[in-house]
Amino acid sequence: MALIFKNMSKNFLLIIIIFCISTPSIFAQSDDVLFTYDKTPVDVSEFKFVYEKNNVNEKELYTDASVKEYLDLYVNFKLKVREAESMGLDQTPAFKSEYERYKKQLSKSYLIDRQVSEEMIRVAYNRIKEERKVSHILLMCNDDTPPEDTVRLHKDINDIYKEIKSGVKEFDQAAKLYSEDTMINLGYFTAFQTVYPFENGMYETEVGSVSKPVRTKFGYHLINVTDSRASKGKVEVAYILMKIPKRSNDEMKDAIRQKIYSIHDSLKRGAKFEDMARKYSEDKSTAYNGGKWKWLSTGKSLERFEKVAFSLEIGQFAEPILTSNGWYIIKALNKQVIGSFEDMKSDIQEKILRDSRSETVRRTFIKKLKKEYKYEPNENGFSEFFDRMDISALTLGNWKAPKEPETNDLLFTIGGKKYYQEDFAKFIETNQNVKGVKKRKDVLKKLEWLRRAFLNRELLNVEEEKLEEKHPEFKRLLKEYRDGIILFELMNKKVWSRASADSTGLVEFYEKNKNNYLTDPKLSGKIFTVKDQAMAKALVSPLLKIEKKRKKGKSFKSIDETLEKMGLGLSSEKVSYEEGVFNKGDNEITDAIEWVDGISRTFKNEDGTTTFVLVEDIIQPVPKALSECRGFVISDYNDELERNWIYELKQKYPVEINYKLVNSLVK
C-alpha cells in the first residue's frame, strides 16, 4: 500500500511507503470524525476521498484489511506532515519556489472556460471521424495589409462568390481566373490539419456546395467541398524510393523503372524489406532505418501515395508506383483506427491547447471574466495615454515608461480594483518586443494588441487569486502537492540520509539481521550427455564409486580416467559433460531435478541421446557480505528507523481513532 504524490515537474516522483502499528484509544469526538492527531480532526469524507483515489483495485475496496491498512498509512502521513510543519519545512525558499512553480502550472488548466472546451473537444472528435475533400480560391492578405486593401479584397471575394452561386462561372473556372494560390485542389482533410477558420468553413459547408468567404491568416477563401468519407485513421509506413533526376531522358527513366521492379521481384522472392531499403532507397532520411517513415494520416502526403498506403494490409507491400517524387515501393507496418471519444479525449484536448482554436476558448473565457468581475473601461484614459506616446520609439522597440508622467489617469476597473496609465506603461516597456507586437507593422495594431494583452493578464490574475475559493479540487491538489514536497524533505532528513550516512548503525543493524540476507542455494555437479539410456545406466555405478571415495577423502581415479578405461573417453564422442556451480534458473536440466546428492533422473533428448546430472554437493545458503546486499540492508534499516520515528511521533502528537466509524466503512 502506498501514498503517492506526483510532482508535475520533471524534478521528482514522490512515492512514500509508510508502515506502522495502529494505536487503539478511547475516542470522544464528533460522529463524522474518523480520527484525531494532536487534537486535529480528520473527518470520514476526507479519508474516503484519498482512500478511493489511491485504491484502484475495486475488488479490495472497503475490505476490512484494505481499510485498516490504509488508515494506518494515512495516520502516519498526517503525523509526518505535522512534524514537517513544526520544523518549518514549508517556509524555506526552496519550498516556496517549487510550490509557486507548481501552482502556476496547475492554474493554467483552470484559467480556461472548461464548458466551452468540453464542447470543442466533442466537435473536434466528430470531425476527426470524417474526412472532407476540398478545393479553394484564395485572395491573399494578412494582419499588416492596409485597411483599404482589406476592404477591397473583402468586396472582391464576395463578388467572386456571387458569380459562382449565380452560375456565371463554375468554381474551377473562377479558381483558375482569380485564386492567388497555385494549388487549388487540396485533397482530403480532417480536423487539426489546417487552420481553424478554414476547418470550420470546410465542415460547416454541405458536400457539393461552396462556402461563404472565410478569413484566415492567409487571406480570404472560398471553399468548395466536393466529397466526404469516413476517416481512415493512421497507417505507419516504410518505403523504398528511386528518384528520377529532372533532366532524365527516356532511356534513364526506363532503367530506373526496371531497377525498382527488380527490387520488387526480390521482395516477392523473400528478400527483407528493411535490407532492400537500406541498400537501394535513395531517401537517406529513411533508408538507414530500413525505410521506416512515420504514422501517416490523410492530407499529409502525396494523394496517390496515401491511397496506396491505406489500401495495404499490415505487413503487405505494394506494386511500385510513380509519383512526382519518383518510384515508390510502400509497405504498411501498422494501422490505427479512430478510437472512442473517451480514449481520445485527453489527446484532443492537448491538440486544442496547441491549436489556433484555443484562442476561441480564451476569448470566450475573457468575455465571461469581464462580466463576472464587472470590467469598466475608461476610454479617455487610453486615448490620452496613446496621444502622449513616442510612437517612433515603440516602432523601434525601445520605448521607455516615463519616470515622472504628466498624468496617471484611470484606465479600467476589475472587481473594484483600479488600474492606471502607469501600470500599462510598465507593461508596454516589458512586452513591446514580444512576438505578438513585433509581427504587427502598423503601430495602431501594436497598441491594440498591447492593450488587449494587458487587460487579459489582469483579468486572469484576478481569476487566479480566486481559484482556491472557486474550485475545491484545485485547492485539494495544491495541498496534496504541498504536503508531498515537505514530506519528501522530512523523510530525507529523518530517514533516508541518516540510513545512508550512519555507517556504524548500518553495520550494527546488518550484524543483528544478517540471516535475512542469505545467498541462494547452489548445486555443484556435472551434467552428462551420453549416447543412449543403456550407457547412462552403465555409468551410474562407477560414478557413484568415485563420489563415495571423494567424500571420504580417499584417493580415486578422475572421471576422465574412468571413462577412458571404459572406452568412453571424450574422443569417442559417446560421452560429454559440463561441470559447474549452478543457481536456480541457470540451466533447465538442473532446474528440473531434485537437489540431492547422487545421480539424477535421466532425460531423453530429441536426437536420441540421454542426459543426467551427477549432483556432487548442495551448497547451503550463508549470509551475504554487507557489500553484496548493501542496498537491501539500507532499505530495511530505513524501515526500522521509520518505525522507531513513527512511535516517537505518536507520543508527540497523540492519535485517537473512532474504531466504530472505521468498522462501519467495511463492506
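Residue indices begin at 1 and follow the sequence shown.
- Y481 does not carry R476 over the face of its six-membered ring by the limits of under 6.0 Å from the centre and within 45° of the normal.
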Given Y99 and Y102, is the ring pair (Phe, Tyr, Trp, His ring centres under 6.0 Å) satisfied, shown in steps?
-> CA-CA 5 Å; Y99 179 76; Y102 174 71; 7.5 Å; no
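- Scored by the side chain to side chain contact (heavy atoms under 4.5 Å, CB included) test, N325 finds L302, T323, Y328 as partners (sequence neighbours excluded).
- In this view, P245 and S248, M252, I256 satisfy the side chain to side chain contact (heavy atoms under 4.5 Å, CB included) rule, not counting sequence neighbours.
- Within the structure, no pair that satisfies the salt bridge (Lys or Arg N to Asp or Glu O under 4.0 Å) test touches residues 380-409, not counting sequence neighbours.
- Screening residues 207-233 for salt bridge (Lys or Arg N to Asp or Glu O under 4.0 Å), with sequence neighbours left out, gives E131-R229.
- Residue pairs meeting the salt bridge (Lys or Arg N to Asp or Glu O under 4.0 Å) criterion with at least one partner in residues 422-432, sequence neighbours excluded, are E422-K426.
- Evaluation of the salt bridge (Lys or Arg N to Asp or Glu O under 4.0 Å) test over residues 154-163, restricted to residues two or more places apart or in two chains, returns R152-D156, K155-D159, E163-K169.
- The ring pair (Phe, Tyr, Trp, His ring centres under 6.0 Å) analysis of residues 372-402, with sequence neighbours excluded, yields the pairs Y375-F412, F382-F424, F385-F424.
- By the side-chain hydrogen bond (donor to acceptor under 3.5 Å, both in side chains) test, S211 is found to be paired with no residue, residues two or more places apart in sequence or in another chain being considered.
- Every residue two or more places apart in sequence or in another chain was checked for a side-chain hydrogen bond (donor to acceptor under 3.5 Å, both in side chains) with S179, and none qualifies.
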Is there a side chain to side chain donor-acceptor pair (under 3.5 Å) between N224 and H136 once you walk through the steps?
-> CA-CA 6 Å; N224 185 25; H136 79 141; over 6 Å; no
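- Taking the side chain as every heavy atom from C-beta outward, L89 and F95 never approach each other to under 4.5 Å.
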Name each donor-acceptor pair under 3.5 Å that joins a side chain in residues 446-454 to protein atoms two or more places apart or in another chain, with its distance.
residue : atom : partner : partner atom : Å
K446    : NZ   : V437    : O            : 3.0
K446    : NZ   : R440    : O            : 2.9
R451    : NH1  : E379    : OE1          : 3.1
R451    : NH2  : E379    : OE1          : 3.1
R451    : NH2  : E379    : OE2          : 2.7

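- Residues passing the side chain to side chain contact (heavy atoms under 4.5 Å, CB included) test with S340, sequence neighbours excluded: E342, D343.
- Under the rule for a side chain to side chain contact (heavy atoms under 4.5 Å, CB included), the partners of L396 that lie at least two apart in sequence or sit in another chain are N398.
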